[in-house]
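Report on one structure; see the data block that follows.
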Amino acid sequence: MTPDGAPKGERVAKVLARAGLCSRRDAERWIADGRVSLDGKVLTSPAVLATSQSDLRVDGKRLGEPEPTRLWRYHKPAGLVTTHRDEKGRATVFQRLPEELPRVVSVGRLDLTSEGLLLLTNDGGLARLLEHPARGWLRRYRVRVNGEVDPKRLSALERGLTLDGIAYGPIRAALERVQGDNAWLTVSLREGKNREIRRVMTHLGLTVARLIRVAYGPFQLGHLPRSAIEEVPRRVLKEQLGGEAKPDAHRRR
């Protein structure tokens, strides 16, 4: 609410994205195409503000009442990209999800060849909140590498390092076991920049053969089968996120 008691406004494109209808970029295209109206007027600019009391419509259909925030654990297999559309025509995570699932967005990403835990939510605002570095949630991985592992160099990663002008924060890495020319490592970090683990391992003279995320903050991959998806119970979501798991005032069906 604003100081005078009026509902706080939010950009229409952001409202549509939070509602799980589309990405913010797609929402801007919808507005440019004349598909979105606010209080009976067709919009031509994404900069217009809407409130929870606004009559916001897409293709003439009004957005419904707010729905609760939901979160799922998904065991991503290798070979899928974490995007709704891929310009190279590759298979995406979202094409493989059950049809009955509402539109969801991912909390962060796993690249094409990475596997393991991917969190999905119907609340874009919650996704951004959970993936923000300020939250400081630990992300844990099991990594199979090819090459000779030097435990001292692994330990040095806890001091952080800079590669090609990119500063990486502290990384906890430990040797789990050696199998011939391969080794399994456990790796933990709190930020997870694009291809961070692969780039750091290359710096150490190691080639990543498999990269499996096993935990994201308090949420674990556990024994979830590959390609399976399971909703996090509302009780657990509330315990872990508190008020952050409440439905957004602008998120609607």
Side-chain angles (χ1 to χ4, degrees), residues 72-83 86-96 106-120 127 130-230:
W72 290 263
R73 295 183 303 121
Y74 173 62
H75 188 157
K76 176 193 175 297
L80 300 179
V81 292
T82 312
T83 183
D86 182 63
E87 67 280 359
K88 297 181 181 178
R90 295 171 295 185
T92 76
V93 163
F94 302 99
Q95 291 171 341
R96 300 295 177 87
S106 64
V107 178
R109 296 190 177 195
L110 287 174
D111 64 27
L112 179 68
T113 55
S114 296
E115 313 166 48
L117 180 64
L118 185 65
L119 296 180
L120 303 171
L130 299 188
E131 65 193 19
H132 197 283
R135 174 160 291 273
W137 271 358
L138 197 68
R139 301 138 197 233
R140 293 191 291 109
Y141 302 80
R142 294 188 70 239
V143 185
R144 192 179 76 191
V145 296
N146 180 265
E148 186 173 346
V149 178
D150 183 343
K152 291 183 178 179
R153 296 191 72 188
L154 290 182
S155 297
L157 296 177
E158 291 200 39
R159 298 194 294 268
L161 74 164
T162 300
L163 298 176
D164 299 325
I166 300 175
Y168 297 107
I171 298 173
R172 278 189 275 164
L175 178 62
E176 185 178 302
R177 69 178 187 271
V178 176
Q179 297 176 313
D181 293 333
N182 296 309
W184 280 98
L185 312 176
T186 57
V187 179
S188 302
L189 45 83
R190 294 190 183 277
E191 187 170 352
K193 293 179 179 176
N194 183 37
R195 300 183 65 82
E196 177 171 347
I197 293 177
R198 296 180 188 279
R199 288 171 175 165
V200 170
M201 292 301 145
T202 297
H203 171 70
L204 298 182
L206 303 171
T207 301
V208 173
R210 290 187 70 186
L211 194 156
I212 308 166
R213 183 156 65 195
V214 295
Y216 192 108
F219 302 103
Q220 312 287 320
L221 179 64
H223 299 292
L224 189 67
R226 185 178 286 113
S227 298
I229 185 167
E230 184 174 282

Any donor-acceptor N/O pair, R73 side chain to Q220 backbone, under 3.5 Å: yes
Residue pair L119, E131: steps toward the side-chain contact (heavy atoms from CB on, under 4.5 Å) verdict: CA-CA 10 Å; L119 296 180; E131 65 193 19; over 6 Å; no
Nearest heavy-atom neighbours spanning P77 and S227: CG-OG, 3.5 Å
Residue pair D164 / R199, side-chain heavy-atom distance below 4.5 Å: no
Backbone of L117 reached by a side-chain donor or acceptor of H75 within 3.5 Å: no
Side-chain donor or acceptor of T82 paired with backbone N/O of L110 under 3.5 Å: yes
Separation between CD1 of I197 and CG of L157, rounded to the nearest 0.5 Å: 10.5 Å
Student check: side-chain heavy atoms of R140 and L189 closer than 4.5 Å: no
Point-to-point distance, once rounded to the nearest 0.5 Å, from CZ of R213 to CZ of R109: 12.0 Å
N182-N146 side chain donor-acceptor pair, cut-off 3.5 Å: yes
Criterion side-chain contact (heavy atoms from CB on, under 4.5 Å) on W184 and V143, from CA distance to verdict: CA-CA 6 Å; W184 280 98; V143 185; 5.7 Å; no
side-chain contact (heavy atoms from CB on, under 4.5 Å) partners for R172, two or more places apart: L138, E158, S188, R190
N/O donor-acceptor pair under 3.5 Å between K76 side chain and S114 backbone: yes
Reported NE2-to-CZ distance for the pair H203 and R153, which is rounded to 0.5 angstrom: 5.5 Å
Backbone of A156 reached by a side-chain donor or acceptor of K152 within 3.5 Å: no
Pairwise side-chain contact, I171 with V187, heavy-atom cut-off 4.5 Å (strictly under): yes
E148 atom CD, neighbour heavy-atom count above 12 within 6.0 Å: no
Residues, nucleotides or ligands: over 12 heavy atoms within 6.0 Å of R96 CZ: no
Residue pair V178 / V149, side-chain heavy-atom distance below 4.5 Å: no
Set of ring-ring contact (aromatic ring centres under 6.0 Å, His included) partners for F94, sequence neighbours left out: H84
For a quick test of your reading: what N or O donor-acceptor pairs under 3.5 Å do the side chains of residues 204-212 make, sequence neighbours left out?
{"from": "R210", "atom 1": "NE", "to": "E115", "atom 2": "OE2", "distance (Å)": "3.0"}
{"from": "R210", "atom 1": "NH2", "to": "E115", "atom 2": "OE1", "distance (Å)": "2.9"}
{"from": "R210", "atom 1": "NH2", "to": "E115", "atom 2": "OE2", "distance (Å)": "3.4"}

Nearest-0.5 Å distance, OG of residue S155 to CG of residue L175: 10.5 Å
Residue pair V107 / Y216, side-chain heavy-atom distance below 4.5 Å: yes
Non-hydrogen side-chain atoms of L163 and Y168 separated by less than 4.5 Å: yes
Lys/Arg-Asp/Glu bridge criterion (N-O < 4.0 Å) met for R198, D111: yes
Residues, nucleotides or ligands: over 12 heavy atoms within 6.0 Å of R177 CZ: yes
Any side-chain heavy-atom pair of V214 and Y141 under 4.5 Å: no
Separation between CZ of R90 and CG of L80, rounded to the nearest 0.5 Å: 10.5 Å
Backbone N/O of Q95 and side chain of T92: donor-acceptor pair under 3.5 Å: yes
Side chain proximity check, E230 to W72, heavy atoms < 4.5 angstrom: no
